[in-house]
Amino acid sequence: MALDIVIMAAGKGTRMKSARPKVLHRLAGRSLLQHVLQTASTLGADRIIVITGHGAEEVEASAGTSGAVFVRQMPQLGTGHAVQQAAPMLHDQGTTLILNGDVPLVAPATARHLIDDCAGERLALLTIELPDATGYGRVIRDAEGDEVLGIVEHKDATPEQRAIREVYTGMMAAPNAALKRWLSQLTNDNVQGEYYLTDVVAMAEAEGVHVVATRAANETEVLGVNSPAQLADLERRYQRGLADALMEQGVRIADPARFDVRGELACAPDVDIDVNCVFEGRVEIGEGAHIGPHCYIRNAVIAPHAVIHPFTHMDGEALGVKIGRGALVGPFARLRPGADLGEEVHIGNFVEVKNSTLGKGAKANHLAYLGDATVGERVNYGAGSITANYDGANKHRTVIGPEVHVGSNCVLVAPLTLGEGATIGAGSTINKDAPPGQLTVARARQMSITGWKRPVKQKK
Ligand code: UD1
Ligand code: CA
């Protein structure tokens, strides 16, 4: 049976007080609309139609490769009017699922439930009981409470109706043929002068079409975003859900209220994550690894038993960052794309590593830069040393053999190879290969001048 999904995303979101269209505000690193599109994409729909209006161009450009099609609603005359715009694109038979672009966390299982309840013949509504139902459409039932008779919008409701706690969440699944007919019969004869989608409920009841109201599994999945405060609240709920799932797997999160994943975080058991860490893109953390407080980690794979000290910044971008087993990183380390640290590597404070491979046990403990370098096992790279990898036009590689000691404050002008076991004297600027096993020094010799006098100020 055909399945169409309509996502309403034309509203202005006045209360966000933002130039950005509401559905493009971000939750966990993705726009609200991307969350809904992601859920929609799991349902096997024949067609996903997004209704745009305010900021339509921006919203449409953001959806990229989602496969959704767009229909513009100009001006915006209500939710019923929004779905009317999609009516010509809906299949004649089958089911239409209606979602909201600003309700990002609806569970795929709940959406599936609505589709199954509808099955191309019934009208399925997603409802929830709220302690404070202000602003929502109330679900009107018959005296026995079995049959749903209609939905009354808050502004149109009588005091008795306003006392009802069961509200419509904004999501429904409707049989296509009937939906098209009902949409064509909507009027705007109400307090707000809008075409209400919710009026189709009474039409279904009048025609004898069965109306099924499914209660949502939890409040979080039906909450919409209308203000910055609601966005922040939903963000915390979402993060709490991710934290709970990880803790369930044996990950120790110091404070789930200070934990943020904006992408995918996969953790083995026995991982410790201290407060205020942000994970972006795809991050994997191996068993027994420890992530200290205040770390930013994006697109990285961290092997078991690695220790990431506080304030470490890792951004793998497209190339990724790799941290070997038992490596120690930070505090205040910066790992950039292509940083590939072997087992037991130590990277200390204010050390930057980019596009470089470090062999087992190599150390760069203080204030250093390694860019476009291949560093052998057990190398000791001194404080203040850098690879001068860029000549202003091209990047060049530095190859540092195993067991090399680079003294403090050296400049290694690439392309360059330091042979196995070489020692580079502190303060050297090296622009020719250094032979293995020898001490290479390139700096002015120290001398002392006897009888030298400091200048004295001349008297006038
Ligand atoms: C709607 C429901 C109400 C329900 C509530 C749940 C109607 C008439 N009322 O009310 O019963 O309790 O959602 O949150 O449907 N939109 C458009 N074009 C429009 C108007 C709205 O695309 O012309 C979109 C909005 O961008 C939003 C969604 O539809 O994503 C809901 O619109 P909103 O104005 O928030 O509806 P409510 O009045 O809150
Ligand atoms: Ca709303």
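Just so it is clear, the structure is predicted and the values come from calculations on it, not from any experiment. Order of appearance sets the numbers: ligands from 1, and atoms from 1 within every ligand.
Remark: ligand 1 atoms within the under-4.0 Å shell around heavy atoms of A9 are 22 (O). Near Y196, with a cut-off below 4.0 Å to any heavy atom, the atoms of ligand 1 are 8 (C). The atoms of ligand 1 that sit less than 4.0 Å from any heavy atom of N100 are 27 (C), 28 (C), 29 (O), 30 (O), 31 (C).
Ring-centre distance between H313 and Y296: below the 6.0 Å cut-off.
Here K360 does not pair with E377 in a salt bridge; the nearest charged N to carboxylate O distance is not below 4.0 Å. R282 and E264 are joined by a salt bridge, as a carboxylate oxygen and a charged side-chain nitrogen come within less than 4.0 angstrom of each other. A salt bridge links R237 to E219: one of the charged nitrogens lies within less than 4.0 Å of a carboxylate oxygen. With respect to the salt-bridge test (charged N to carboxylate O, under 4.0 angstrom), the residues D272 and R252 qualify.
Between the CG atom of L186 and the CG atom of L77 there is a distance of 11.5 Å, given to the nearest 0.5 Å.
Contact annotation: for L77 versus ligand 1, heavy atoms closer than 4.0 Å belong to the backbone alone. Proximity of A82 to ligand 1, defined as any heavy-atom pair under 4.0 Å, is confined to the side chain (atoms from C-beta onward).
At least one heavy atom of G78 lies less than 4.0 angstrom from ligand 1. No heavy atom of G224 sits closer than 4.0 Å to any atom of ligand 1.
For the pair V225 and Q230, the tightest heavy-atom approach, listed with the atom from each and the gap, is C-OE1, 3.7 Å.
Residue contacts with ligand 1: T79 is placed with a nitrogen or oxygen under 3.5 Å of a nitrogen or oxygen of the ligand (distance criterion only). Every N/O-N/O distance between I151 and ligand 1 stays at or above 3.5 Å. Some N or O of Y168 is nearer than 3.5 Å to an N or O of ligand 1, by distance alone.
Counting non-hydrogen atoms of other residues, nucleotides and ligands closer than 6.0 Å to CD of E317 gives a total above 12.
Nearest to atom 18 (N) of ligand 1 by heavy atom, out of Q76, H54, H81, Q73, is Q73. Nearest to atom 26 (O) of ligand 1 by heavy-atom distance, out of A133, G11, G137, is G11. Proximity annotation for atom 6 (C) of ligand 1: of I7, V200, V50, T169, T169 comes nearest, heavy atoms only. Evaluated by nearest non-hydrogen atom to atom 11 (O) of ligand 1, the leading choice among M171, E153, M8 is E153.
The side-chain heavy atoms of I48 and I7, taken from C-beta on, include a pair separated by under 4.5 Å.
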